[in-house]
> 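Dropping the structure in here first, questions after.
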Amino acid sequence: AAAAGGMTMFCTAGAFRSFQTGGLTAGTYQIYAVDKLGQLSSPSSDITLYASSAWDGTSASYDWYGTGNQSRFYLSTAADLKGFANIVNGDDGKSARDLYGKTLILTRDIDLGDHEWTPIGVTYISFRGMFDGQGHTISNLHISSGRNTGLFGSLSATAIKNLNVS
């Protein structure tokens with residue numbers, strides 16, 4: 001069974017390998033199994049569901065950045081990715097930062113919704129940190145023109161690994 005916000009789904013223990021989450025909103029849930037006697041198991045570890053909508057083409061989030069003093073940062077939404085681009089590029093009222101010595105980690109697939117993308121790193125400042133995509137995909141990347149085009153536009157002394165872009 002999965003219980004959340006008044007919604008419960010039951011499955012007999014061992015009878016499922018996965019289940020659809022239609023109707024559930026983004027949030028944190030726990031999974032319970034029901035044995036043949038109708039007894040609930042102990043709850044699973046927390047399972048987080050994310051909204052699966054494409055980026056709106058404008059929103060940027062900076063919550064992931066905190067004070068900027070950490071060595072590792074976690075990006076989980078297209079708005080986070082846009083905030084990262086804005087920090088490196090000095091856009092959206094932010095001072096340009098190359099993020100030298102910082103590691104950015106992608107925590108899930110991101111859909112850029114085929115909106116125009118400004119590459120991370122521009123002519124006057126390069127991204128100099130490490131980006132680990134953890135095997136995730138950034139999809140629907142769209143750049144219509146310009147120099148240094150791609151998800152990343154200008155890199156220096158950096159590593160980009162485990163990332164798929166489409």
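Keep in mind that this is a model prediction, so the values were computed, not measured.
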> Are Ile105 and Leu163 linked, directly or through intermediate hydrophobic residues, by side-chain heavy-atom contacts shorter than 4.5 Å (ILVMFWY only)?
no
> Take Thr137 and Ser166 through the side-chain contact (heavy atoms from CB on, under 4.5 Å) test and state the conclusion after the steps.
CA-CA 7 Å; Thr137 299; Ser166 65; 4.0 Å; yes
> Answer yes if the side chains of Asp80 and Tyr65 hold a donor-acceptor pair under 3.5 Å, and no otherwise.
no
> Under a 3.5 Å distance rule, please check whether His136 uses its side chain to pair with a backbone N or O of Thr107 as donor and acceptor.
yes
> Answer yes if the side chains of Ser126 and Ser156 hold a donor-acceptor pair under 3.5 Å, and no otherwise.
no
> Considering all heavy atoms of both residues, which atom of Ala60 and which atom of Lys82 are nearest to each other, and what is their separation?
CB-CG, 3.8 Å
> Do the non-hydrogen side-chain atoms of Asp109 and Asn164 ever get within less than 4.5 Å of each other?
no
> Please confirm whether the backbone N or O of Asp132 pairs with a side-chain atom of Gln134, one donor and one acceptor, at under 3.5 Å?
no
> Side chain of Asn89, backbone of Asp91: donor and acceptor closer than 3.5 Å?
no
> Does Leu99 share a hydrophobic cluster with Ile160, counting links as ILVMFWY side-chain heavy atoms below 4.5 Å and allowing steps through other members?
yes
> For His142, which residues count as a side-chain hydrogen bond (donor to acceptor under 3.5 Å, both in side chains) partner, sequence neighbours excluded?
Glu116
> Test your reading of the model: is there a side-chain donor-acceptor pair from Asp98 to the backbone of Tyr100, 3.5 Å cut-off?
yes
> For the CZ atom of Arg72 and the OG1 atom of Thr103, what is their distance to the nearest 0.5 Å?
5.5 Å
> Please report the closest heavy-atom contact between Pro119 and Ile143, naming both atoms and the distance.
CG-CD1, 4.0 Å
> If I take atom CD1 from residue Ile110 and atom CG from residue Leu75, how far apart are they, to the nearest 0.5 angstrom?
6.5 Å
> Taking all non-hydrogen atoms of both residues, which atom of Arg108 and which atom of Thr77 are closest, and how far apart?
NH2-CG2, 4.4 Å
> Rounded to the nearest 0.5 Å, how far apart are CG of Leu141 and CG of Asp114?
9.0 Å
> Evaluate side-chain contact (heavy atoms from CB on, under 4.5 Å) for Phe131 paired with Ile120, printing each intermediate quantity in order.
CA-CA 11 Å; Phe131 190 93; Ile120 300 164; 5.7 Å; no
> Is Leu104 close to Trp64 at the side-chain level, that is, under 4.5 Å between some pair of heavy atoms?
yes
> Would you call Ile87 and Tyr62 a side-chain contact if the rule is heavy atoms closer than 4.5 Å?
yes
> Is the distance from the ring center of Phe84 to that of Phe73 below 6.0 Å?
no
> Could you identify which residues cluster with Val122, counting Ile, Leu, Val, Met, Phe, Trp and Tyr as linked when any side-chain heavy atoms lie under 4.5 Å apart, either directly or through a chain of such contacts?
Tyr124, Ile125
> Between Arg97 and Val88, is the side-chain contact (heavy atoms from CB on, under 4.5 Å) condition met? List the steps.
CA-CA 5 Å; Arg97 296 187 180 357; Val88 172; over 6 Å; no
> Looking at Leu151, is its backbone amide N or carbonyl O close enough to the side chain of Trp117 to form a donor-acceptor pair, meaning the two atoms are under 3.5 Å apart?
yes
> Just do the side-chain contact (heavy atoms from CB on, under 4.5 Å) check on Leu106 and Ile138 with the steps written out, would you?
CA-CA 9 Å; Leu106 193 62; Ile138 296 175; 3.9 Å; yes
> Look at the side chain of His115 and the backbone N and O of Trp55, then say whether any donor-acceptor pair between them is shorter than 3.5 Å.
yes
